[in-house]
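Structure first, then comments.
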Amino acid sequence: MTSAPYDPARLSHCAGELIVNIRELSERGWTPATSSNFSQRMDDAHIAITVSGRDKGRLTEADIMVVDLDGQPVATDKKSSAETLLHTQLYRRFPEIGCVLHTHSLAQTVASRLFSGNGHVHLEGYELLKAFTGNTTHETTVELPVLPNSQDMPTLAAQVDALLDVQPMWGYLIDGHGLYAWGRDMAEARRHLEAFEFLLACELEMRKF
Ligand SMILES: CSC[C@@H](O)[C@@H](O)C(=O)COP(=O)(O)O
Ligand SMILES: [Zn+2]
């Protein structure tokens with residue numbers, strides 16, 4: 001356990017923002033059966049992240065803990081999310097990233113299964129593509145990657161790093177699992193998460209016709 005200090009007021013602020021937002025996402029049914037995990041950057045060395053295995057619809061401040069950028073717990077015996085590495089790898093790689101959100105909605109999970117053979121979901125022509133930072137027109141495309149699932153986090157993280165080496169992206173799906181999305185702060189990460197969710201629902205809806 002590292003003993004690097006952090007500002008307790010900053011943890012309290014992050015925990016409050018995480019809890020409110022996670023509850024709203026949970027009420028939409030995006031975090032079934034204790035699934036999903038969430039984090040926010042506190043400072044250069046500390047991340048506030050959900051404790052593993054908690055019901056994400058009923059979180060209190062005791063369900064948010066601190067890890068360092070190596071994913072090691074700071075000043076706690078609690079166990080951070082089983083997928084902590086998928087958060088910390090983004091914070092380490094992109095100093096500007098401030099928030100990472102991971103959910104297991106029905107649309108995300110079904111789409112991940114349907115499109116896993118392609119390796120990505122092709123999103124084109126939607127006005128909502130402008131919700132992704134950097135896009136200024138609907139006349140663009142976003143390829144949302146679909147990674148094979150694994151219980152081995154270093155394997156998944158290596159796949160994410162390989163993708164990031166060749167393309168900028170604001171999220172990815174994991175087959176049969178769910179979606180990761182991120183942003184510079186909670187508002188941006190949530191906008192990206194909601195845009196992916198809506199666009200995946202559109203793609204699934206069109207498959208019905
Ligand atoms: C309850 S099954 C889902 C988990 O295996 C995992 O994918 C997940 O999203 C939540 O894990 P957690 O360790 O609580 O962060
Ligand atoms: Zn998960």
Side-chain angles (χ1 to χ4, degrees), residues 1 11 14-15 17-42 46-74 76-92 97-116 121 144-161 163 169-183 186 189-190 192-194 196-197 200:
M1 191 186 297
L11 173 59
C14 287
E17 194 170 22
L18 282 164
I19 289 166
V20 167
N21 281 275
I22 296 167
R23 190 173 299 142
E24 289 173 3
L25 298 173
S26 195
E27 282 166 1
R28 297 181 192 175
W30 296 8
T31 70
T34 77
S35 70
S36 310
N37 37 70
F38 306 88
S39 66
Q40 262 191 319
R41 188 193 293 275
M42 294 168 58
H46 300 101
I47 307 299
I49 190 166
T50 44
V51 175
S52 184
R54 301 292 163 89
D55 179 343
K56 306 308 187 301
R58 297 168 179 268
L59 297 181
T60 69
E61 283 207 19
D63 301 313
I64 308 294
M65 60 179 284
V66 181
V67 295
D68 63 20
L69 289 189
D70 294 322
Q72 295 304 307
V74 178
T76 179
D77 292 330
K78 291 174 184 167
K79 183 179 178 311
S80 66
S81 169
E83 296 165 1
T84 295
L85 179 59
L86 302 184
H87 294 247
T88 54
Q89 76 168 145
L90 293 167
Y91 294 117
R92 274 203 309 265
I97 285 184
C99 182
V100 180
L101 307 174
H102 165 55
T103 50
H104 283 230
S105 80
L106 187 66
Q108 293 156 15
T109 308
V110 173
S112 75
R113 308 248 70 183
L114 274 177
F115 295 98
S116 61
V121 185
L144 176 64
V146 187
L147 305 178
N149 199 12
S150 172
Q151 299 303 320
D152 184 59
M153 291 308 126
T155 298
L156 271 175
Q159 291 171 344
V160 174
D161 266 327
L163 284 168
M169 58 193 210
W170 290 116
Y172 58 85
L173 285 169
I174 308 175
D175 185 14
H177 185 157
L179 177 75
Y180 271 85
W182 55 88
M186 174 63 79
R190 227 185 120 152
H192 291 158
L193 179 75
E194 291 181 5
F196 281 130
E197 169 72 17
L200 291 173

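Read the numbers this way: they start at 1 and go in the same order the structure lists the ligands and their atoms. Treat the numbers as computed from the prediction; the structure is a model and nothing was measured.
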Ligand-residue contact atoms, ligand 1 with [X], heavy atoms, under 4.0 Å:
X	result
H102	9 (O)
T34	1 (C), 10 (C), 14 (O)
N37	8 (C), 9 (O), 10 (C), 11 (O), 15 (O)
S81	12 (P), 13 (O), 15 (O)
A33	1 (C)
H104	3 (C), 7 (O), 8 (C), 9 (O)
A82	12 (P), 13 (O), 15 (O)

(request) Provide the closest heavy-atom pair for S52 versus S80 in the form atom of the first, atom of the second, distance. (result)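 Closest heavy-atom pair between S52 and S80: CB-O, 3.4 Å.
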(request) Can you see which heavy atom on V51 is nearest to which on K79, and at what distance? (result) CG1-O, 3.4 Å
(request) Kindly indicate whether the side chain of T84, heavy atoms from C-beta on, has any atom under 4.5 Å from the side chain of V67. (result)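 Answer yes - side chains close enough.
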Judged by modelled atom types alone, do [X] and [Y] share a side-chain donor-acceptor pair under 3.5 Å?
X	Y	answer
E83	H177	yes
S26	T31	yes
Y91	D68	no

[X], any N or O under 3.5 Å of ligand 1 N or O:
X	answer
H177	yes
S36	yes
G53	yes

(request) Can you tell me, to 10 degrees, how wide the angle at the Zn ion (ligand 2) is between NE2 on H102 and NE2 on H104? (result)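 It rounds to 90°.
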(request) For ring pair (Phe, Tyr, Trp, His ring centres under 6.0 Å), just list the numbers for H87 and F38, CA-CA rounded to whole Å, side-chain angles, deciding distance to a tenth of an Å, and then say yes or no. (result) CA-CA 8 Å; H87 294 247; F38 306 88; 7.9 Å; no
(message) Applying the ring pair (Phe, Tyr, Trp, His ring centres under 6.0 Å) criterion to H102, which one of W182, W30, Y180 satisfies it?
(response) Y180
(request) Using a strict 4.0 Å threshold on nitrogen-to-oxygen distance, state whether R28 and E197 make a salt bridge. (result)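 No, this pair does not count.
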(request) Write out the residue and atom name of the closest protein heavy atom to atom 5 (O) of ligand 1, then the distance separating them to 0.1 Å. (result) E83 OE2, 4.4 Å
(request) May I ask you to identify the nearest protein heavy atom to atom 13 (O) of ligand 1, giving residue, atom name and distance to one decimal place in Å? (result) S52 OG, 2.6 Å
(request) Please name the atom of H177, restricted to N, O or S, that is closest to the Zn ion (ligand 2). (result)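 Result: NE2.
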(message) For atom 2 (S) of ligand 1, is there a protein heavy atom at a distance under 4.0 Å?
(response) no
(request) Have a look at ligand 1 and work out which part of K56, if any, has a heavy atom under 4.0 Å from it: side chain, backbone, both or neither. (result)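 Contact part for K56 vs ligand 1: side chain (C-beta onward).
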(message) Atom CZ of residue position R92 - does it have more than 12 heavy atoms of other residues, nucleotides or ligands inside 6.0 Å?
(response) yes
